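This report concerns only the one structure given below.
Nothing here was measured: the structure is a model prediction, and the numbers come from that model. Read the numbers this way: they start at 1 and go in the same order the structure lists the ligands and their atoms.
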Amino acid sequence: MHSFRYVKGQLQCEGVALASLAEKHGTPLFVYSQATLTDHYSKLDRALAPLDHLICFAMKSNSNIAVIRTLANLGSGFDTVSAGEIQRVVDAGGDARKCVFAGVGKTEEEIAYALRQEIYSFNVESEAELKRISKVAVRLRRIAPVAVRVNPNVDAGTHAKITTGTYENKFGIAFEQIEGVYARAAKLPNLRLRGLQMHIGSQLTDVKPFQLAVEKVVPLVDRLNRKHGFDFFSVGGGIGIVYRDALASGDPAWWLTKEGKKVLTPQTYADKLVPLLKPLGLKILLEPGRFLTGNAGALLTRVEFIKKTGKKNFVIVDAAMNDLIRPAFYDSFHEIVPLKKKAGATVSSDVVGPICESGDYFAKDRPLAKVGEGDHLALLSAGAYGSVMGSNYNSRPLAAEVLVNGTKSAVVRRRQEIADIWENEQTAPWQ
Ligand SMILES: *Cc1c(COP(=O)(O)O)cnc(C)c1O
């Protein structure tokens with residue numbers, strides 16, 4: 001389902017006109033749709049109904065506590081990557097016992113915190129980490145539930161910066177070494193070998209790489225389960241979403257491109273994977289991030305200037321790469337549309353921010369409705385890896401965030417005050 005659409009020429013999120021939110025709260029402004037979050041979670045949850053499963057929302061994609069609360073209320077668990085993220089779950093009223101904890105560099109303090117919170121499992125990325133978790137667990141007199149992350153060496157065929165399942169990146173342990181690692185882990189004190197985890201990459205729009213990886217890993221899970229008595233197998237995240245034509249007519253637009261081409265749907269995903277996973281008889285964990293949050297959010301921005309240079313038409317907006325870094329970082333495409341629908345011909349435009357970097361752009365040579373100073377635009381599909389990657393570069397305050405639910409809206413992060421940007425800084429005593 002897609003909750004951003006034009007109604008009488010006005011772009012709305014659910015029942016709220018985005019122009020009214022931009023006027024009321026200013027820009028840049030992230031807007032999230034609770035209905036979309038709920039719909040995407042429920043579709044995935046329903047598709048997986050034949051399996052005993054737990055969806056662990058990869059909250060690194062969007063960790064606003066109102067987003068966490070929305071998903072926690074639906075029964076979601078959480079895939080976390082730091083003590084800070086676990087603390088957010090606790091603070092938002094989520095259940096730490098439904099958290100898994102991933103990441104290649106967990107500190108002793110983070111491990112201790114996670115143990116005290118009784119998380120579901122550590123997703124372990126190295127043998128050194130297994131030893132560290134064991135050591136901390138012994139010290140705290142607790143049993144640490146662990147799952148090792150297997151690197152299945154399957155190419156997800158996605159952008160190099162978001163592929164994780166091949167031997168050229170830092171994640172997980174090589175497929176061939178896994179059984180040896182478990183045998184040694186079984187000898188370490190205070191560990192409970194609870195499962196196995198994999199994750200092959202992000203923004204996968206084809207089910208094939210998932211299928212190949214699961215086919216390869218399932219026999220390994222089965223062997224390890226017989227030996228060590230597992231509870232679960234986590235197939236990771238990575239289900240991709242539509243970025244181009246995100247506003248295409250029709251429902252459910254978010255998985256149909258304008259050409260009617262279907263990208264990965266929860267049902268396709270389940271149809272291919274459930275038959276492979278079901279015979280394991282284990283709980284299946286999923287760690288979707290972008291799939292749940294990507295198309296649930298938009299970034300609203302105001303046009304400051306139109307600048308024509310040579311052949312180029314620059315639309316200079318008040319949002320920048322510090323608010324949404326994906327185009328600069330991953331060459332990502334975000335659909336850009338005016339909040340008030342414009343008739344007439346489009347103009348080939350570069351949409352750029354005010355930051356002093358050539359990389360500070362949102363679109364290049366993009367056919368865009370003719371807009372002028374003061375008009376508002378929405379960058380769609382900005383709900384995942386948007387606000388969470390925000391920074392104060394150029395001493396720009398972090399944007400505000402609003403959650404919409406039907407005709408209601410609420411600020412879920414207030415705009416940062418400029419003076420707050422350097423509140424932790426001080427001059428040196430000799431100055
Ligand atoms: C980032 C990440 C995810 C989520 O990826 P999406 O592409 O947003 O679904 C899941 N699991 C792990 C281990 C990750 O690092």
Quick look: D79 vs ligand 1, heavy-atom contacts under 4.0 Å, and the answer is side chain
> Based purely on interatomic distance, does S202 place a nitrogen or oxygen under 3.5 Å from a nitrogen or oxygen of ligand 1?
Replying inline: yes
Could you check whether F232 and Y120 have their ring centres less than 6.0 Å apart?
yes
Exercise for review: Give a yes/no on ligand 1: does A384 have at least one heavy atom closer than 4.0 angstrom to it?
Suggested key: no
With a 4.5 Å limit on heavy-atom distance, are the side chains of C56 and F78 in contact?
no
If we ignore angles and hydrogens, is there a donor and acceptor under 3.5 Å between the side chains of N392 and Q416?
yes
Strictly distance-based, threshold 3.5 Å: is any side-chain N or O of S134 a donor or acceptor partner for the main-chain N or O of P189? yes
Closest to atom 2 (C) of ligand 1 by heavy-atom distance, out of M59, H199, Q197, K60, is K60
Closest heavy-atom approach to atom 9 (O) of ligand 1 among C56, G201, G238 is made by G238
Report task. Could you tell me whether the side chains of S3 and E14 share a donor-acceptor contact shorter than 3.5 Å? Result -> no
* Just checking, is any N or O donor in the side chain of E287 or Q197 under 3.5 Å from an acceptor N or O on the other one? -> yes
Within 4.0 Å of some non-hydrogen atom of P288, the atoms of ligand 1 are 9 (O)
Within 4.0 Å of some non-hydrogen atom of R290, the atoms of ligand 1 are 6 (P), 8 (O), 9 (O)
Is it true that D318 and T301 share a donor-acceptor pair across their side chains at a distance under 3.5 Å? yes
message = If the threshold is 4.0 Å, N to carboxylate O, is there a salt bridge linking R139 and E108?
response = yes
So the atoms of ligand 1 within less than 4.0 Å of a heavy atom of E287 turn out to be 3 (C), 4 (C), 9 (O), 10 (C), 11 (N), 12 (C), 13 (C)
I'd like to check whether Y385 has a polar contact with ligand 1, where a contact means an N/O of the residue lying under 3.5 Å from an N/O of the ligand. yes
Atoms of ligand 1 under 4.0 Å from any heavy atom of R149, numbered from 1 in the order shown, are 13 (C)
Restricting to heavy atoms, the pick from A102, A58, G240 nearest atom 4 (C) of ligand 1 would be A58
With only distance considered, is G289 within less than 3.5 Å of ligand 1 through an N or O on each side? yes
